[in-house]
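Step one of this worksheet: look at the structure below.
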Amino acid sequence: MSLLTAATEVRLRAYSPYSRFKVGAAILSVEGRVHVGCNVENVAYPEGTCAEAGAIAAMIAGGDTRIAEIAVIADSPAPVPCCGGCRQKIAEFADQGVRVTLHTTDGKSKVLTVAELLPGVFSAAHMDKI
Ligand SMILES: O=c1ccn([C@H]2C[C@H](O)[C@@H](CO)O2)c(=O)[nH]1
Ligand SMILES: [Zn+2]
């Protein structure tokens with residue numbers, strides 16, 4: 001199954017009664033498996049989680065380690081470019097050149113690299129303790 005199809009399918013399972021904005025994400029891991037996530041909101045609004053974070057959690061829980069490619073889809077006028085928190089989360093598990101494809105449900109798409117998504121990322125290389 002393509003990443004776009006996987007993201008499209010999981011998007012329909014989003015729990016978003018507050019924003020009424022459904023987002024789906026699908027990751028191809030370097031190990032070759034597809035992991036999906038959708039946004040899961042909460043009445044305590046800050047406790048909600050993004051689709052990208054859900055897909056990353058599924059990848060790690062599933063035993064895979066790194067992102068080879070990621071696709072995100074939302075019903076929006078223009079491709080949704082991931083929130084700041086998710087940019088940092090993606091950067092934790094993806095090399096700088098990894099492709100991030102942002103789709104709309106009406107067929108628009110935009111491709112970015114992880115480096116373009118989060119220029120000047122804070123990374124483990126900035127720490128002298130590890
Ligand atoms: O890249 C994004 C942007 C937003 N959302 C979710 C968070 C919230 O549930 C809803 C509205 O912001 O969309 C995502 O899952 N991913
Ligand atoms: Zn996010």
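Please read all numbers here as calculations on a predicted model, not as lab measurements. For the numbers below, each heavy atom of this structure counts, side chains included, while hydrogens, waters and symmetry mates do not.
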Closest heavy-atom contact between [X] and [Y]?
X     : Y     : answer
Glu9  : Met1  : OE1-CE, 3.7 Å
Ala94 : Arg66 : C-NH2, 3.3 Å
Lys22 : Ala14 : NZ-O, 3.2 Å
Ala71 : Ala7  : O-CB, 4.1 Å
Ile56 : Ile90 : CD1-N, 3.8 Å
Gly62 : Arg33 : O-NH2, 2.5 Å

## Note on the structure
Those residues at least two apart in sequence (or on a different chain) that pass ring-ring contact (aromatic ring centres under 6.0 Å, His included) with Phe21 are none

### Query
Can you check whether Arg11 reaches Cys38 side chain to side chain, under 4.5 Å on heavy atoms?
no

### Query
Can you find a heavy atom in the side chain of Val43 that is under 4.5 Å from one in the side chain of Tyr18?
yes

### Task
Hydrophobic side-chain clustering at under 4.5 Å (ILVMFWY, transitive links): who's grouped with Leu3? Put none if nobody.
Val10, Leu28, Val34, Val36

### Message
Using a 6.0 Å cut-off, check whether atom NZ of Lys110 has over 12 heavy atoms from anything other than its own residue.
### Response
no

### Message
So for atom CZ, which belongs to Arg99, do other residues, nucleotides or ligands contribute more than 12 heavy atoms lying within a distance under 6.0 Å?
### Response
no

Value rounded to 0.5 Å, distance of [atom1] in [X] from [atom2] in [Y]:
X     : Y     : atom1 : atom2 : value
Ile70 : Cys82 : CD1   : SG    : 6.5 Å
Arg13 : Asn39 : CZ    : CG    : 12.5 Å
Ile27 : Phe93 : CD1   : CZ    : 9.0 Å
Ile60 : Ser29 : CD1   : OG    : 9.5 Å
Cys83 : Gln88 : SG    : CD    : 11.0 Å

### Message
I'd like to know if the side chain of Thr104 and the backbone of Lys108 have a donor-acceptor N/O pair within less than 3.5 Å.
### Response
yes

### Asp95 side chain to Gly97 backbone, donor-acceptor under 3.5 Å
no

### Message
Under 4.5 Å between side-chain heavy atoms, counting indirect links through other Ile/Leu/Val/Met/Phe/Trp/Tyr residues: same cluster for Ile67 and Leu112 or not?
### Response
yes

Sequence neighbours left out, cut at 3.5 Å: what donor-acceptor pairs do the side chains of residues 72-81 make with other protein atoms?
unit_1 : atom_1 : unit_2 : atom_2 : d
Asp75  : OD1    : Thr105 : OG1    : 3.3
Ser76  : OG     : Ala78  : O      : 2.8

### Task
May I ask you to check whether Thr113 and Gln96 show a side-chain donor-acceptor distance below 3.5 Å?
no

### Message
Using the rule given for side chain to side chain donor-acceptor pair (under 3.5 Å), can you reason through Ser19 versus Ser16, listing the C-alpha separation, both sets of side-chain angles and the distance that settles it, and then say yes or no?
### Response
CA-CA 6 Å; Ser19 71; Ser16 54; 4.6 Å; no

